[in-house]
Amino acid sequence: MSDAIANASRDLDATFQEAYRRPSDGIWHAPGRVNLIGEHTDYNDGLVLPFALAQGVSVAAAAREDEVLELRSLQAAGEAASVPLDGLAPGAIGGWAGYAAGVAWALGEAGHRVRGASLLIDSDLPQGAGLSSSAALECAVALTLCELSGIDIPRPELARIAQRAENDFVGMPCGIMDQSAALLCTADHALLLDCRSGLSTQVPLDLAGLTLLVIDTRAPHQLVDGAYASRRAECERAADALGVPALRDVTDLTEALASLDDPVWRRRVRHVVTENHRVEATVGLLRAGAVTEVGAMLTAAHLSLRDQFEVSWPEADVAVEAAVRAGARGGRMVGGGFGGSAIALVPSPLVGRVCDAALNAYEARGWRPPAFLTAVPSPGARRLA
Ligand code: ADP
Ligand code: MG
């Protein structure tokens with residue numbers, strides 16, 4: 001364990017003791033994630049390639065003798081919740097506590113008996129920036145509750161339980177990528193996840209002198225829900241028109257495009273089909289140790305998301321362009337679109353220059369400055385203390 005993690009764990013345990021007047025039984029952690037490539041492929045039964053961040057959500061916790069879940073977060077002071085486990089049902093608890101209570105509910109739905117517990121949550125992951133703080137929270141809570149309750153569940157199944165918490169308890173229709181990344185990623189690897197089979201493979205991610213810079217574009221995601229639903233619907237209807245179960249199954253892009261009349265559907269299909277190829281190409285490049293070449297894949301993905309899938313936003317376009325002009329090997333928007341973060345693959349000595357270029361480009365437009373974070377491929381969820 002690094003000194004930084006050991007110190008943070010000690011601090012969280014001390015804060016737990018202040019909050020609950022007793023020592024914690026342990027500290028658990030789940031990371032945020034960046035999806036290196038494979039955007040809007042998940043609900044088309046396709047491929048994604050996320051890796052875990054060093055940043056994430058930690059939970060200090062102690063079991064209780066009663067059937068109550070006590071929930072506090074240092075990021076939501078004043079919004080503590082005390083939730084009876086008995087009779088927990090969707091709609092019962094809103095706000096941030098729903099993500100944690102939802103995990104207890106989903107474990108119960110899967111037939112497991114969850115014990116009462118007091119939890120204190122802390123995080124160094126920005127929320128709503130597309131780095132999946134929600135799944136980090138769910139998965140950290142899932143590990144905590146399982147261990148305190150003596151429940152042993154294989155991680156791919158635990159990922160589905162955490163996803164169910166977000167889908168059915170919180171009411172967010174997310175795919176399986178975020179929870180899989182939080183639970184299954186390993187240090188120095190990306191996770192190639194096949195969203196149809198649910199099977200995953202570790203792919204070495206050696207950045208070899210490059211830095212993966214995350215640029216929080218600080219743009220609010222106003223349109224995201226409606227636009228996300230309409231993109232999903234377009235993809236489903238295009239797959240129907242092409243006579244395939246999902247766009248994942250399009251094998252001949254030229255033929256598929258020729259058979260579609262609607263130019264919007266053609267653009268959507270072009271993105272999804274080429275994006276799956278870009279994931280496969282990226283895996284090939286990483287296995288061949290050619291990480292610098294991955295930059296071109298990122299930029300190609302960005303252009304496809306901007307021009308074919310039409311989900312990028314001005315702050316992301318400007319950040320990617322400024323980064324590439326300043327020497328990044330490539331970059332792209334990440335997440336569903338219309339707000340959130342971008343990533344850039346930057347030779348490490350040029351990181352300062354790339355950050356300055358993005359700051360200047362934003363300042364010239366009168367925008368709020370972007371925030372930066374370095375993405376280091378890190379281990380998945382685990383017990384820290
Ligand atoms: P993302 O997953 O991209 O960060 P989401 O909107 O999916 O964005 O999830 C963010 C939500 O997750 C927050 O609004 C909050 O309800 C919950 N959340 C995440 N981290 C924490 C935390 N440390 N404490 C309390 N709630 C959190
Ligand atoms: Mg989320």
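Quantities reported herein were computed from a predicted structural model and do not represent experimental measurements. Just follow the structure's listing: the first ligand is 1, and inside any ligand the first atom is 1. Values below: all heavy atoms of this structure, side chains included; hydrogens, waters and symmetry mates excluded.
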Let me check something: any side-chain donor-acceptor pairs from residues 205-212 under 3.5 Å, sequence neighbours excluded? List them with distances.
from: Asp206; atom 1: OD1; to: Ala208; atom 2: N; distance (Å): 3.0
from: Thr211; atom 1: OG1; to: Ser348; atom 2: OG; distance (Å): 2.7

* Asked: Just distances here: any N/O of Asp122 and N/O of ligand 1 closer than 3.5 Å?
  -> no
* Backbone or side chain, does any N or O of Leu137 fall under 3.5 Å from an N or O of ligand 1? -> no
* To do: Determine whether the side chains of Thr282 and Arg278 contain a donor N or O and an acceptor N or O closer than 3.5 Å.
  => no
* Judged by modelled atom types alone, do His302 and Asp317 share a side-chain donor-acceptor pair under 3.5 Å? -> yes
Suppose I only count heavy atoms of [X] and a 4.0 Å limit; which atoms of ligand 1 are within that range?
| X | answer |
| --- | --- |
| Gly130 | 3 (O) |
| Ser73 | 22 (C), 23 (N), 24 (N), 25 (C) |
| Gln127 | 4 (O), 13 (C), 14 (O), 15 (C), 18 (N), 19 (C), 20 (N), 21 (C), 22 (C), 23 (N), 24 (N), 27 (C) |

* N/O/S atom of Met172 inside 2.8 Å of the Mg ion (ligand 2), strictly under -> no
* NZ/NE/NH1/NH2 to OD/OE distance under 4.0 Å, Arg248 and Asp194 -> yes
* Option of least heavy-atom distance to atom 1 (P) of ligand 1 (set: Ala76, Gly94, Ser133) -> Ser133
* Kindly state each residue pair satisfying salt bridge (Lys or Arg N to Asp or Glu O under 4.0 Å) with at least one member in residues 91-111, sequence neighbours excluded. => Glu109-Arg164
* Asked: Taking the six-membered ring of Trp265, is NZ or CZ of Arg268 closer than 6.0 Å to its centre and within 45° of its axis?
  -> no
